[in-house]
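Both counts, for ligands and for their atoms, begin at 1 and track the order of listing.
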Amino acid sequence: MGLTIAQKIIKAHMLSGEMAVGQEVALKIDQTLTQDATGTMAYLEFETMGLKRVKTEKSVAYIDHNTLQSGFENADDHRYIQSVCKKHGIYFSRPGNGICHQVHLERFGKPGKTLIGSDSHTPTGGGIGMLAMGAGGLDVAVAMGGGAYYITMPKMYKVNLTGKLNPFVTAKDISLEILRILSVKGGVGAIIEWGGEGIKYLSVPERATITNMGTELGATTSIFPSDEVTKAFLEAEGRGEDYIELKSDEDAVYDKVIDINLNELKPLIACPHSPDNIVTVESLTGTKVDQVCIGSCTNSSLLDMLKVAALLKGKTIDPSVSLSISPGSKQVLTMLADSGALSDILASGARVLECACGPCIGMGFSPNSAGVSLRTFNRNFIGRSGTADASVYLVSPETAVAAALTGYITDPRLLGNMPEIKMPESFKIDDSAVIAPASEEEAAEIEVLRGPNIKPFPEAIPQEDTLSAELVLKVGDNITTDHIMPAGAKILPYRSNIPHLSNFCFGVCDSTFPERAKALGKSIIVGGSNYGQGSSREHAALVPMYLGVRAVITKSFARIHIANLINSGIMPLTFKNADDYDKLNQGDKLTLTDVFGGMDKGEIILKNETTGEEFVLCCSFTERQKAILKAGSLLEYTKVGE
Ligand code: MIC
Ligand code: SF4
């Protein structure tokens, strides 16, 4: 039987396990990346492992999230990360050099390699044929130390593209179309391979937009073949030697095949507050817009920015709209400046922000009260923009420009002729903002610089054979990590200070949660389906761990979050009968008996002491995961295993 692209890379990197759907496989990881909002914790975890140097082919730390420095915290974290990188063999991408996924694609990603990153949009690397996955910080730390990365062998989905995109219909619209078809849980447990005749018209940045937003489907990752288009991109980046051809076998078998005819696609828009809430742009014509933001790891490539500049050229934006533009990298910004396109952007009245995540993670540029914001980003979860009552819509750069010029949601096809934009034959290469690590000899002398905001890890509490605890919080379907552990300019600086961060846990759902959980000492959370979707932030597990949450019971979980819960010693359990969700209420006293025996059987009995009812909960832990839960955390388990 033939293999898919992902299966070929998995086979070449498999350290143990079996390539059968649902089985755990251990993978050798070639490259890692971190960003600063998850990086500080990941490097603190790496340090506790006591290793001198990373064992990967390339590990890069990016500073791109926490770039507003309204106090000492972020600056201290940046300094800590820079010093830890120098000492332990990690490349350090300075603040201002760009968004991790954009820069990694430009300068470091290689087809056929494995990459894990402490950021859920790491699959962007799939745009050049990498097997690139988001992971919790601790998993990235383990991989930096040479340890395996464990995944549950996913199903294989194929999306066949036929035809060619019409003017003003873009790769972003393809991403929104697949979200319309599959929903935010449609990709859970699957790797999505993109193929078909239509891909030959898609450049690497367009492919990367699609693999980037595959994260919103809940997919393990998304991947394109590595072909002539990939080769031209790598050559333009001066990295032709990194090219290898990669394609699936003719007789590869897929669990699902989806066809999309690009000729038929229209400009699409994701409505508040979920990336799969899709309608055509046309259908919302005339909706007043207050703010437009162009950028993020989804749409900040040179290609995107040149298109935006060409559409803005000679025009000024509507006086009622505030437009921000964040180029994805220093390379993008420099080339915009050199070509004169930056002047066209500035002349239009846009506010040019630094090359960073910025508004995407609420790091500034929050909309006005009850504002309507059109963003080229990948997530529009409630509150994420920093304005609780804002309505955030997700669109392509072309649709964003149309709204900025008119002040209303406008079909970009009404903008006239689309200027032809070509990818440059060579990019401007300047890696001076990437600082190489010290040599092994010099490393011993390097002092790691820690700020006062770095606080100790939460204490690991081993799971016990009987768990009696109160149901502290009951939430619904599609709870995101932005609900569990919100981000934004005010909270993100505390990512290395779990006690302080805990005050904001579940703030969007119930601001009394932290206090109530702390008072109980031990507690259980109940959720609906796709619990923990979105970001890879392990803080969405570390903070509940700190607050004493011992188990989370749901209808289903998102992939990275389930791993983060186990790494934090919290039991993720699912209802055998989904209707039992309705039989539990906040405040109920719950008991789980024979937990260890149940872990072996795959079923644990839950007694609701308040109502007297009993239910069956399901779990499927590997031996390694059971040992982690019994040790109380992956860090404890690693120590025990030493
Ligand atoms: C996000 O887009 O939500 C983030 C911020 O990049 C997160 C990481 C984090 O919370 O630090 C992600 O996607 O993993
Ligand atoms: Fe940064 Fe936004 Fe991309 Fe997350 S989704 S990495 S916050 S640009």
Which option wins on minimum heavy-atom distance to atom 2 (O) of ligand 1: Arg537, Arg384, His65? Arg384
Residue Arg495 vicinity, atoms of ligand 1 by number, heavy atom under 4.0 Å: 9 (C), 10 (O), 11 (O)
Of all the atoms in ligand 2, which lie at a distance below 4.0 Å from a heavy atom belonging to His101? 6 (S)
Heavy-atom side-chain proximity of Tyr546 to Pro499 below 4.5 angstrom: yes
Specify the protein heavy atom at minimum distance from atom 3 (Fe) of ligand 2: its residue, its atom name, and the distance to 0.1 Å. Cys297 SG, 2.3 Å
re atom 1 (C) of ligand 1, the protein heavy-atom contact at minimum distance is Arg379 NH1, 3.2 Å
What atoms of ligand 2 come within less than 4.0 Å of a heavy atom belonging to Asp119? 6 (S)
With a 4.5 Å limit on heavy-atom distance, are the side chains of Ser175 and Thr209 in contact? yes
For atom 13 (O) of ligand 1, which of the options Gly39, Gly117, Ser120 provides the nearest non-hydrogen atom? Ser120
Between Asn212 and ligand 2, which part of the residue brings a heavy atom under 4.0 Å of the ligand: side chain, backbone, both or neither? neither
Under a 4.5 Å cut-off applied to non-hydrogen side-chain atoms, are Ser301 and Leu105 in contact? no
Could you check Thr32 against Ser59 for side-chain hydrogen bond (donor to acceptor under 3.5 Å, both in side chains), going step by step and ending with a plain yes or no? CA-CA 5 Å; Thr32 62; Ser59 285; 2.6 Å; yes
Enumerate the atoms of ligand 2 whose separation from the nearest heavy atom of Ile361 is less than 4.0 angstrom. 7 (S)
For Ala37, take its heavy atoms, then give the atoms of ligand 1 lying under 4.0 Å from any of them. 11 (O)
Are Thr40 and Ser496 close enough, and set up right, to give a side-chain hydrogen bond (donor to acceptor under 3.5 Å, both in side chains), and what steps lead you there? CA-CA 6 Å; Thr40 304; Ser496 49; 5.1 Å; no
Any idea which heavy atoms bring Asp290 and Asn368 closest together, and the distance? CB-OD1, 3.3 Å
Please state which part of Gln35 comes within less than 4.0 Å of ligand 2, counting heavy atoms only: side chain, backbone, both or neither. neither
Heavy-atom contact check, 4.0 Å cutoff: does His539 meet ligand 1? no
Can you spot which of Lys172, Arg379, Lys185 makes a salt bridge (charged side-chain N to carboxylate O under 4.0 Å, His left out) with Glu216? Arg379
How are the rings of His500 and Phe504 set to each other: parallel, tilted or perpendicular (split at 30° and 60°)? perpendicular
For Ile174 and Leu202, run side-chain contact (heavy atoms from CB on, under 4.5 Å): C-alpha distance rounded to whole Å, both residues' side-chain angles, the deciding distance at 0.1 Å, then the answer. CA-CA 11 Å; Ile174 303 177; Leu202 295 177; 4.2 Å; yes
Select the closest option to atom 1 (Fe) of ligand 2 among Cys357, Ser326, Gly362, judged by heavy-atom distance. Cys357
By the definition side-chain hydrogen bond (donor to acceptor under 3.5 Å, both in side chains), identify the one residue from His104, Arg94, Gln102, His101 that meets it with Tyr62. His104
Mind checking whether Asp482 has an N or O less than 3.5 Å away from an N or O of ligand 1? no
Taking the ring centre of each residue, are His561 and Tyr531 less than 6.0 Å apart? yes
Looking only at protein heavy atoms, which one is nearest to atom 4 (Fe) of ligand 2, and how far off is it? His65 NE2, 3.8 Å
Answer with yes or no whether Met485 contacts ligand 1, where contact means a heavy atom under 4.0 Å from a ligand atom. no
For Thr38, the ligand 1 atoms whose distance to one of its heavy atoms is below 4.0 Å: 9 (C), 11 (O)
Show the nearest heavy-atom pair for residues Pro359 and Phe377, with the distance to one decimal. C-CE1, 3.7 Å
Pull out every atom of ligand 1 sitting under 4.0 Å from any heavy atom of Ile361, numbered as shown with elements. 5 (C)
Below 2.8 Å, can you find an N, O or S atom of Cys360 next to atom 2 (Fe) of ligand 2? yes
Is a donor on one side and an acceptor on the other found under 3.5 Å between the side chain of Asn478 and the backbone of Asn530? no
Distance from Thr34 atom OG1 to Met41 atom CE, nearest 0.5 Å? 13.5 Å
Which atoms of ligand 1 have any heavy atom of Ser536 under 4.0 Å away? 12 (C), 14 (O)
Identity and distance of the protein heavy atom lying nearest atom 8 (C) of ligand 1: Gln35 NE2, 3.1 Å
Using the side chain to side chain contact (heavy atoms under 4.5 Å, CB included) definition, which of the options Leu542, Val543, Asp119, Asp482 pairs with Arg537? Asp482
Quick one: does ligand 2 sit under 4.0 Å from the side chain of Arg379, the backbone, both or neither, non-hydrogen atoms only? neither
What part of Asn378, side chain, backbone, both or neither, has a heavy atom within less than 4.0 angstrom of ligand 2? side chain
Would you check the N or O atoms of Asp119, main chain and side chain alike, for any that come under 3.5 Å of an N or O of ligand 1? yes
If the cut-off is 4.0 Å to any non-hydrogen atom of His121, which atoms of ligand 2 fall inside it? 5 (S)
